[in-house]
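Worksheet: one structure, shown below.
Everything quoted here is computed from the prediction, not taken from an experiment. All chains are named by letter (A, B, ...) in the order of the sequence lines, taking the proteins before the strands, and each is independently numbered beginning at 1.
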Amino acid sequence: MASGMDLLAGLNPEQLAAVTLPDEPALILAGAGSGKTRVLTTRIAWLLREGRAHPAGVLAVTFTNKAAREMLARVEAMLTLAPRGMWIGTFHGLCNRMLRAHWKDAGLPQAFQILDSQDQLSAIKRLLKTANVSEERCAPRELQMFVNSAKDSGRRAGDMGSQGADRLMVELFAAYDAQCQKEGSVDFAELLLRCVELLLRNEILRGHYNRRFTHILVDEFQDTNPLQYRWLKLLAGRERPIFAVGDDDQSIYRFRGAHVGNMSDFQREYDVKHLIRLEQNYRSHGNILDAANHLIGNNARRLGKRLWTDAGPGEMLRLFEAPSDVLEAEWVVEEVDRLREAGTRLSDIALLYRSNAQSRVLEHALFQAGVPYRVYGGLRFFERAEIKHALAYLRLAAHPDDDVSFSRVVNFPPRGIGARSVELVQEAAQQAGTSLHGAIAQLGARATGPLKAFAALVGELRAAARERDLAGLVEWTVEKSGLAAHYRAERDGADRVENLGELITAAAGFRPGDADFPPELAPEISPEIPPGEGAGPAAILNAFLAHAQLESGDNQAGAGEDALQLMTVHAAKGLEFDAVFLTGLEEGLFPHENSLSEEDGLEEERRLMYVAITRARRVLSLSLAQSRMMHGQTRYGIRSRFLAELPPECVRQVGSRPSSAAAVGGWAGPGRGSGPARTAAPAGHAPALAAASRTEGNGSGLRVGQSVRHAKFGEGVVVGLAGSGSDARAQIQFGSWGVKELLLAVAKIQPVA
DNA sequence: GGAGACTGCGTTTTT
DNA sequence: CGCAGTCTCC
């Protein structure tokens with residue numbers, strides 16, 4: 001019914017230009033709320049509709065599964081016929097798909113398993129144990145970060161000069177990769193790196209994909225890491241144009257290797273002639289947009305962009321300063337109630353925070369008030385222990401020789417197989433050169449009853465995997481393994497039992513989509529895989545297992561209900577809400593103190609703040625707490641410097657709480673020219689409420705906001721106080737030294753007038 | 001071999 | 001404070 005034209009109806013001139021660009025490299029700088037997704041999806045639909053692209057020639061990449069699903073749905077909605085054969089997915093999902101197709105060429109076992117970060121960390125701990133390196137000598141988390149950041153930039157242990165202190169790290173990196181190879185597992189970064197190496201090495205494959213993908217489109221390009229960019233370049237070859245959409249102001253994933261520089265690199269390397277800015281914002285009212293523009297203007301390195309709207313100024317931003325985190329939460333609940341009474345749906349309201357830990361207090365207050373809410377992020381569905389256990393059983397059903405899964409559940413739920421027995425099995429496996437499962441048979445009469453029973457269980461699982469459909473298998477596994485019974489017997493096990501039920505539901509609903517399933521294969525490319533293999537029960541189970549590793553499991557129970565939305569600012573990127581509450585706007589929290597010592601850290605925090613502000617359509621409420629419970633201790637905070645970077649005429653302070661000395665936004669750290677020291681605030685008033693009285697209780701005589709001098713670190717500003725008596729400590733921001741926490745009984749600190 | 005207490009540590013953000 | 005990993009005692 002649709003003619004070629006109505007696809008393009010309603011686009012503004014810039015959007016239209018972007019959608020209908022010729023097949024040449026293009027960079028679309030798309031501001032928040034400027035219709036980025038619309039441009040991307042319309043472009044795909046337009047390419048197909050105009051016959052410029054065949055569906056199989058389209059490769060569109062995003063970062064989250066959710067974004068990929070939305071993109072696919074929107075493209076399909078624009079077309080009369082569902083396009084088959086497009087590759088739309090996440091970087092990781094598409095790499096997984098490619099590696100499944102060419103596992104042999106990639107040097108992987110056919111059923112390689114994907115490690116999520118948890119799995120990776122346990123693999124690393126296991127490695128340290130076998131390598132006999134104590135965890136003090138090498139912190140597992142540090143090694144994990146080392147490995148991941150190396151891989152994210154495309155480097156393997158062999159590429160790294162083994163110099164000085166890092167020598168151990170490099171060696172362990174190599175050993176880790178060897179262990180993964182032996183166990184047939186692949187971590188997130190490895191998915192990408194393997195794929196890149198495969199394409200680099202295999203000219204035939206590279207040629208195949210170069211010819212196949214005539215149109216490559218990338219969403220959120222500012223979040224790509226060097227490895228992902230390299231992957232894109234390999235797929236595009238010299239001929240194929242990349243259509244990249246991104247916003248440098250929303251680059252917030254540097255910590256996981258994202259390299260904003262990819263945007264300018266791309267411009268340069270491809271001599272990009274089509275640079276289009278989408279600056280008209282269709283989301284937020286004027287005051288909100290002004291605040292965002294003003295704030296982000298404080299960042300030095302930007303490609304440059306200024307959002308505008310023709311909606312009116314709308315409401316002013318509201319700022320509330322609470323004496324404590326608990327009172328902040330209560331205020332938010334009251335405000336949510338008011339919005340609700342005024343007709344705003346709960347699902348149109350978001351509570352945002354910098355770090356996950358902050359959700360606790362908010363949840364508590366919401367629970368007390370009986371407000372339905374839903375927390376996104378935190379521990380995800382597929383990361384829950386009970387789900388991981390169930391998945392381990394399912395993996396054993398598919399691959400009985402998987403030692404990692406074997407170890408995970410051999411005695412869970414407890415079935416009388418202790419450390420001694422496991423050791424026995426391990427030795428037998430070592431000697432016979434078999435898997436742990438295989439070793440039980442080797443043990444013969446030496447195997448204990450429980451061990452034999454477990455081996456039998458694995459055998460039954462295996463048979464069940466052949467006979468039952470996926471959901472039936474999952475249900476049977478959950479029961480037969482004893483997991484269900486175990487959690488039913490547990491006092492607080494109800495949630496876990498429910499989650500296991502959800503897993504069965506997820507299995508029942510699992511339709512291997514384009515993105516998860518082994519693709520149609522060109523036999524001349526990978527002759528080792530017979531076509532049609534894709535549909536057997538084993539393949540479906542494998543696809544489900546991979547899916548579980550790649551999909552965080554957003555869409556779990558309760559997604560449909562009208563509930564308040566709680567999430568981190570990171571998780572909110574790409575979303576929009578009628579009303580947004582941005583909480584915890586305190587120095588040290590937002591911007592986070594750890595970011596201050598990082599290169600470009602403060603600017604990234606500011607971008608994060610920018611993302612948060614631009615989520616709101618109509619109402620934006622900002623709040624902070626003068627005192628906050630963290631790690632079991634009360635910490636005192638001052639206003640985030642970002643509040644001083646908002647245009648005063650857009651912000652209205654609400655509530656009658658007197659602002660204490662601690663509330664002075666000033667943060668005029670001596671020797672730091674960059675701090676926005678211009679905040680007007682009633683300094684010198686009698687310090688009020690909690691902060692002041694508790695500060696005195698701290699016995700230090702110090703107060704937040706005060707300037708002090710330290711023999712080694714020089715001058716600094718007190719940003720927080722903790723402990724009391726002989727344990728009294730102060731968190732002090734020292735110019736280039738960052739924030740230090742000093743024990744006041746020991747540290748020599750002098751107040752500066 | 002297993003259940004419970006104990007200690008030490010951490011959270012900034014995530015595919 | 002809450003969790004994970006370790007230790008201790010049954």
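Both R420(A) and M630(A) lie close to DNA chain B; mapped to their nearest nucleotides by heavy-atom distance, the more 5′-ward contact belongs to R420(A).
Formation of a donor-acceptor pair under 3.5 Å by the E386(A) side chain with backbone atoms of N499(A) is not found in this model.
For the pair M567(A) CE and dT14(B) C1', the interatomic distance rounds to 15 Å; values are reported in whole Å. Rounded to whole angstrom, the span from the CD atom of E383(A) across to the P atom of dT15(B) amounts to 8 Å. Atoms CE (M145(A)) and P (dT11(B)) sit 11 Å apart, rounded to a whole Å. The distance from atom CZ of R69(A) to atom P of dT15(B) is 11 Å, rounded to the nearest whole Å. Between the CD1 atom of I114(A) and the C1' atom of dT15(B) there is a distance of 11 Å, rounded to whole Å. The separation between Q118(A) atom CD and dT14(B) atom P is 14 Å, rounded to whole Å. Between the CD atom of E220(A) and the C1' atom of dT15(B) there is a distance of 13 Å, given to the nearest Å. Rounding to whole angstrom units, CD of residue E551(A) and C1' of dT14(B) are separated by 14 Å.
Across dG1(B), dT14(B), dT15(B), the shortest atom-to-atom separation from the side chain of H570(A) is found for dT14(B). Comparing atom distances between the A357(A) side chain and each of dT13(B), dT15(B), dT11(B) picks out dT11(B) as nearest. Checked against dT15(B), dT11(B), dT13(B), the side chain of R141(A) finds its nearest nucleotide in dT11(B). The listed nucleotides are dG1(B), dT13(B), dT15(B); the one nearest the side chain of N356(A) is dT13(B). Comparing dT15(B), dT14(B), dG2(B) against the side chain of F188(A) picks out dT15(B) as the nearest. Nearest nucleotide to the N594(A) side chain, out of dT14(B), dT11(B), dT15(B): dT11(B). Checking dT14(B), dA3(B), dT15(B) against every side-chain atom of T64(A), the shortest atom distance belongs to dT15(B).
If you check every strand for non-hydrogen atoms under 4.0 Å, D116(A) touches nothing. If you check every strand for non-hydrogen atoms under 4.0 Å, L608(A) touches nothing. S421(A) comes within 4.0 angstrom of the backbone, heavy atoms only, and of no base. Among the atoms of the strands shown, none is found under 4.0 Å from any heavy atom of E604(A). Looking at heavy-atom distances under 4.0 Å, K125(A) makes contact with sugar-phosphate atoms alone, never a base. Across all strands shown, Y253(A) has heavy atoms under 4.0 Å from sugar-phosphate atoms exclusively, and none from any base.
Checked against the 6.0 Å centroid threshold, F590(A) and Y353(A) do not count as a close aromatic pair.
Between R607(A) and E604(A) there is a salt bridge, since at least one side-chain N of the basic residue sits less than 4.0 Å from a carboxylate O of the acidic one. Salt bridge annotation for E498(A)-R384(A): absent, with no cationic side-chain nitrogen under 4.0 angstrom from a carboxylate oxygen. Salt bridge annotation for E551(A)-R69(A): present, with a cationic side-chain nitrogen under 4.0 angstrom from a carboxylate oxygen.
For Y373(A), there are no ring-ring contact (aromatic ring centres under 6.0 Å, His included) partners two or more places apart in sequence or in a different chain.
In this structure, F91(A) does not pack face-to-face on the six-membered ring of dT15(B), missing the 5.5 Å centre cutoff or the 30° plane limit.
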Enumerate, atom names and distances included, each donor-acceptor pair closer than 3.5 Å involving a side-chain atom of residues 184-197 of chain A, sequence neighbours excluded.
unit_1, atom_1, unit_2, atom_2, d
D187(A), OD1, A189(A), N, 3.1
D187(A), OD1, E190(A), N, 2.7
D187(A), OD2, Q120(A), NE2, 3.4
D187(A), OD2, K151(A), NZ, 2.9
D187(A), OD2, Y176(A), OH, 2.7
E190(A), OE1, K151(A), NZ, 2.6
E190(A), OE1, R156(A), NH1, 3.1
E190(A), OE2, R156(A), NH1, 3.4
E190(A), OE2, R156(A), NH2, 2.7
E190(A), OE2, R194(A), NE, 2.8
R194(A), NH1, A106(A), O, 2.8
R194(A), NH1, G107(A), O, 3.4
R194(A), NH2, Q181(A), OE1, 2.5
E197(A), OE1, R156(A), NE, 3.3
E197(A), OE1, R156(A), NH2, 3.0
E197(A), OE2, R156(A), NE, 2.7

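Donor-acceptor pairing under 3.5 Å is lacking for the side chains of S640(A) and E586(A).
Contact between the side-chain N/O atoms of N148(A) and the OP1/OP2 oxygens of dT15(B) is not found at any separation under 4.0 Å. Contact annotation: T568(A) reaches the phosphate of dT14(B) (side-chain N/O to OP1 or OP2, under 4.0 Å).
On the nucleic acid side, DNA chain C contacts chain A at distances under 4.0 Å to non-hydrogen atoms, with the end points of that region at dC1(C) to dG5(C).
Across all non-hydrogen atoms, the minimal contact from A392(A) to R408(A) is CB-CD, 3.8 Å.
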